[in-house]
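First up is the structure itself, then whatever we jot down about it.
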Amino acid sequence: VLFFNGTVVARLNADASRLIAAVGATLVDAKKEKLVRVCLACFRNLLEKAADPKLAREHATFMVSAKVHPVVSTICSQKSFPDEELMEDAEMLNTFLSEVYDEMSTFDEYRTELISGKLEWSPVHKSERFWRENAVKLNDNKHALVKVLVQQLKSSE
């Protein structure tokens with residue numbers, strides 16, 4: 001319900017990755033049309049009610065990391081549900097997430113995974129080339145990503 005309030009959406013930034021991951025996991029496992037409808041509506045509102053386009057893009061990046069895009073794409077391609085509003089939400093999300101996905105670099109993916117706490121060692125992230133090209137980016141914003149990584153390592157002990 002909170003996703004439908006623009007003021008609340010603007011304040012969710014700190015917890016957005018965890019909320020998006022939770023709703024994304026729910027969407028991936030959803031079998032009932034009503035549940036799918038609510039998940040898609042939440043995601044659409046997160047994007048449309050974001051305070052600025054940068055925040056909407058960040059939310060969309062978290063959605064891509066949470067594997068929402070393939071689910072939404074499948075819903076669109078299979079025309080899985082007769083509910084027109086649900087399908088409109090799916091089409092809007094598919095378009096937005098496709099644009100964001102196409103623009104994402106592998107470092108953007110790594111950054112999003114790191115912030116969300118769900119790191120995956122994909123072949124790209126294991127490559128020497130990836131680290132040679134992107135290691136310096138860990139120094140951005142006063143080493144914010146390094147601090148996140150250190151915090152995650154401490155909490156995993």
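Throughout, residue positions are numbered sequentially from 1 according to the sequence presented. Everything quoted here is computed from the prediction, not taken from an experiment.
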Shortest non-hydrogen separation from I115 to S17 and the atoms involved: O-OG, 3.9 Å

Test item: M87 and P82 side chains (from C-beta on) under 4.5 Å apart, heavy atoms: no

W131-F107 aromatic ring centre distance below 6.0 Å: no

Heavy-atom neighbours of D52 CG exceed 12 at 6.0 Å: yes

Shortest non-hydrogen contact from A56 toward L47: O-CD2, 3.2 Å

Approximate separation, where rounding is to 0.5 Å, of D29 CG and C39 SG: 10.0 Å

Side-chain touch L97/F43, heavy atoms, less than 4.5 angstrom: no

CG on N141 to NZ on K147, rounded to 0.5 Å: 9.5 Å

F81 atom CZ: more than 12 heavy-atom contacts under 6.0 Å: yes

Minimum side-chain heavy-atom gap L138-H143 below 4.5 Å: no

Side chain D83, main chain L86, donor-acceptor under 3.5 Å: yes

Polar side-chain atom of S73 near backbone of H69 as donor-acceptor pair, under 3.5 Å: no

Close side-chain approach of E48 to M92, heavy-atom, < 4.5 Å: yes

Backbone N/O of F130 and side chain of N134: donor-acceptor pair under 3.5 Å: yes

ILVMFWY cluster, V136 and V150 together (side-chain gap under 4.5 Å): no

Residue pair V148 / L114: nearest heavy atoms and the distance that separates them: CG1-O, 3.7 Å

Side-chain touch R37/K32, heavy atoms, less than 4.5 angstrom: no

Backbone N/O of R44 and side chain of K49: donor-acceptor pair under 3.5 Å: no

Heavy-atom closest contact (A66 atom, A21 atom, distance): CB-CA, 4.1 Å

Spatial distance of atom CD1 (I75) from atom CG (L40) [nearest 0.5 Å]: 5.0 Å

Separation of C76 SG from E91 CD (nearest 0.5 Å): 4.0 Å

Over all atoms of both residues, closest heavy-atom pair of L46 and H59: O-CD2, 3.5 Å

Closest contact, heavy atoms only, V72 versus A90: CG1-O, 3.1 Å

Intermediate values then yes/no, side-chain contact (heavy atoms from CB on, under 4.5 Å), V68 and F62: CA-CA 9 Å; V68 170; F62 288 134; over 6 Å; no

Within one Ile-Leu-Val-Met-Phe-Trp-Tyr cluster: L35 and V28, side-chain cutoff 4.5 Å: no

Pair K54-E58, salt bridge (Lys or Arg N to Asp or Glu O under 4.0 Å): steps then yes or no: CA-CA 6 Å; K54 223 171 140 179; E58 187 169 319; over 6 Å; no

